[in-house]
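Predicted, not measured: the structure shown is a model, and the values here were computed from it. So that the names make sense, note that chain A is the first sequence line, chain B the second, and so on, each numbered from 1.
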2 protein chains.
Amino acid sequence: MTAHQPPEGYDPRAFEPFAVTVDLAVLTVREERLHVLLVERGESPYAGSWALPGGFVLPRESAEQAARRELAEETGLSGDTVADLHLEQLRTYSEPDRDPRMRVVSVAFTALVPDPPEPRGGGDAAQARWLPYGTHGPLAFDHDRILADAHDRVGAKLEYTCLATAFCPPEFTLGELRQVYETVWGVELDRPNFRRKVLATPGFVQAVAGPPRLTGGRGKPAALYRAGEATTLHPPLLRPEGRPA
Amino acid sequence: MTAHQPPEGYDPRAFEPFAVTVDLAVLTVREERLHVLLVERGESPYAGSWALPGGFVLPRESAEQAARRELAEETGLSGDTVADLHLEQLRTYSEPDRDPRMRVVSVAFTALVPDPPEPRGGGDAAQARWLPYGTHGPLAFDHDRILADAHDRVGAKLEYTCLATAFCPPEFTLGELRQVYETVWGVELDRPNFRRKVLATPGFVQAVAGPPRLTGGRGKPAALYRAGEATTLHPPLLRPEGRPA
DNA sequence: TCCTTAAGAGTCATGTTGACTATAAAGGTC
DNA sequence: GACCTTTATAGTCAACATGACTCTTAAGGA
């Protein structure tokens, strides 16, 4: 078969059509734990299971537009808020039997959100909720794998990009930033070394003028920072041990 | 719209269906230049332009299966050879108007091949050819962007994975491996430092017993190595300057 | 025989990292 | 109020990795 030329007599409409959907792995750090946004399925298949939010790509939108639209609908976030979120294509899942009902090719996205606003279901029934990563049972469809892939990807990208700031509110302390790394990687980092590394990387964070902020309780107040201009880290901030699987 | 539940009255078959295709950015290093496998389009749109090889995903195959099948068909490589190639999903391109004829969502893959066997068109007309990267005019559809994304991705992955060995034949010299880095990154690397770094990374390469091989002409014969067990580089082998755009 | 090319061994100064120590500034407890 | 705990922030020091080199070896070509 030649590139992009259907074989003789091929008419895509003659086949059972492919449905194209988006799935969203929306992650946040809340109370020192990684949380995922999930919806509970009401119907078969997988009725009663948790699933990643998502939905069909409409005829005139791109997969990314569909992802932002679904995210707004399922979380009740405003369009402006959703427009600013860090949204990144993860990969596409296309196994023929991943959905028992029909042929569905799904473009998965990873979204990172700072302060987790409690979601409210959109106009319709499905209630989206934040659950601690790993505490939910098996997810519907191949969503366990999608979620695991998203976690792997985010963990890897923390090493060589400034992605961690996407988990933080506009102004944050270095302790909060360190907490992001510790939570996603599941390790403890040395405070002074982390601080030295972040401040030595030009453009990672920029100091905010003004008084330090109380950390919410104990300890010495911490200085505030904003995300900087840089998007990549050179050299990278590597995980303690070797790379995980 | 609730996750994976079509809205009321929604029937995917009622819409113009989405076609799902794969596009392949097949790269190799030949004569110290990066080469891309391209096919010449015979029909409108973009008749006469070069395009990435690719084709439709059939109803019962995954995108990756379709990619390997298309690759075998368009290069004339045997199924076994294609089965061993390094094939990696790049990302999915889904802009509504990327193909003027119909709605086509394309899953792009990057394939890395070692010694470039001159391809022969499969049973059908399209002649696939290796062209030096950048010497072809504008490609059909959004393939310039796909190819650029593939190049970026490969360049970045050379830094922190053992991917470079996928460009090399089963047994290779460190000079050939260095050539891969230099060609993809477009820089010159210091020979002794490159050697030290590669040999110091456990599992990157393993020495092959036996006599050294003549490099094909000048210079001292070089020892041969095979790809090792490792898949990631710790610490990474960073590009000389900062990261490119 | 001499020149050129590339492999491979080794040196040295610099930069980065991991492990630690110490001090400052908050809240909590008795 | 004295004292403990917690967290931020400033340093120190040794191990390690890197970039820039030099030098030797072993091939082909003129």
Side-chain angles (χ1 to χ4, degrees), chain A residues 31-32 158-160 168 171-183 185 187-202 204-208 210-225 232-243, chain B residues 31-32 158-160 168 171-183 185 187-208 210-225 230 232-243:
Chain A
E31 290 164 14
E32 312 193 1
L158 287 189
E159 292 193 322
Y160 55 93
C168 296
E171 298 193 343
F172 53 86
T173 68
L174 293 186
E176 289 166 345
L177 188 64
R178 183 173 43 77
Q179 188 67 55
V180 169
Y181 278 89
E182 293 183 337
T183 303
W185 286 348
V187 298
E188 289 217 339
L189 298 178
D190 180 83
R191 284 168 217 256
N193 289 344
F194 179 82
R195 175 189 185 76
R196 175 182 60 187
K197 173 69 182 176
V198 170
L199 295 181
T201 303
F204 193 176
V205 297
Q206 53 184 125
V208 170
R213 190 180 75 187
L214 297 180
T215 322
R218 319 284 286 253
K220 177 175 171 175
L224 288 174
Y225 295 85
T232 60
L233 260 44
H234 270 267
L237 203 168
L238 298 173
R239 267 177 272 211
E241 291 295 293
R243 238 164 220 252
Chain B
E31 289 163 14
E32 312 194 1
L158 288 189
E159 292 193 322
Y160 55 93
C168 296
E171 299 193 343
F172 53 86
T173 67
L174 293 187
E176 290 166 342
L177 188 65
R178 185 173 40 78
Q179 187 67 55
V180 169
Y181 279 90
E182 293 183 337
T183 303
W185 287 349
V187 298
E188 288 218 340
L189 298 178
D190 180 85
R191 283 169 218 258
N193 290 344
F194 179 81
R195 176 189 184 77
R196 175 182 59 187
K197 174 68 183 176
V198 170
L199 296 180
T201 303
F204 193 176
V205 298
Q206 54 184 123
V208 170
R213 191 180 74 187
L214 297 182
T215 322
R218 319 285 285 256
K220 179 174 172 178
L224 289 173
Y225 295 84
T232 59
L233 259 43
H234 270 267
L237 203 168
L238 299 174
R239 267 176 273 210
E241 291 296 293
R243 240 168 217 250

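The distance between atom NZ of A:Lys220 and atom P of C:dG28, rounded to the nearest whole Å, is 19 Å. Between A:Glu188 atom CD and D:dT7 atom C1' the separation is 13 Å, expressed in whole Å. Separating the CD atom of A:Glu32 from the P atom of D:dT6 is a distance of 13 Å, rounded to the nearest angstrom. The distance between atom CG of B:Leu189 and atom C1' of D:dT18, rounded to the nearest whole Å, is 13 Å. The CG-P distance, from A:Leu233 to C:dG15, rounds to 19 Å in whole Å. Distance A:Arg239 CZ to C:dT16 P: 22 Å, rounded to the nearest Å. Going from atom CG of B:Asp190 over to atom C1' of D:dC23 covers 14 Å, rounded to whole Å. Regarding B:Arg191, its CZ atom lies at a distance of 16 Å from the P atom of C:dT4, rounded to whole Å.
Side-chain atoms of B:Pro240 and B:Leu189, non-hydrogen and from C-beta on, do get closer than 4.5 Å to each other. Using a 4.5 Å cut-off on side-chain heavy atoms (C-beta onward), A:Phe172 and A:Val180 make no contact. The closest side-chain heavy-atom distance from A:Lys197 to A:Thr201 is below 4.5 Å. At least one side-chain heavy atom of A:Phe204 sits less than 4.5 Å from a side-chain heavy atom of A:Leu177. Within the 4.5 Å cutoff, the side chain of B:Glu182 has heavy atoms near those of the B:Arg178 side chain. Side-chain contact between A:Tyr225 and A:Leu199: present, with at least one pair of heavy atoms (C-beta onward) separated by less than 4.5 Å.
In terms of phosphate contacts, A:Arg218 brings no side-chain nitrogen or oxygen within less than 4.0 Å of OP1 or OP2 of D:dT5.
Across all their heavy atoms, A:Leu174 and A:Val205 have their closest contact at CD2-CG2, 4.5 Å. A pairwise comparison of heavy atoms in A:Trp185 and A:Leu237 identifies CH2-O, 3.2 Å as the closest pair.
One distance of note links CG of B:Leu224 with CD of B:Glu176; it measures 8.0 Å at 0.5 Å rounding.
Of the residues in residues 194-202 of chain B, B:Arg195, B:Arg196 come within less than 4.0 Å of DNA chain C through at least one heavy atom, sorted by number.
Between C:dA7, D:dA8, C:dA9, one nucleotide has an atom nearer to the side chain of A:Arg178 than all others, and that is D:dA8. Which of C:dA7, C:dT16, C:dC20 sits closest to the side chain of A:Pro235 comes down to C:dT16. Among the nucleotides C:dA19, D:dC21, D:dG28, the one closest to any side-chain atom of A:Asn193 is C:dA19.
Note on the helix from C:dT1-D:dA30 to C:dC30-D:dG1: terminal axis deviation equals 0°, with five pairs used at each end and the result rounded to 10°.
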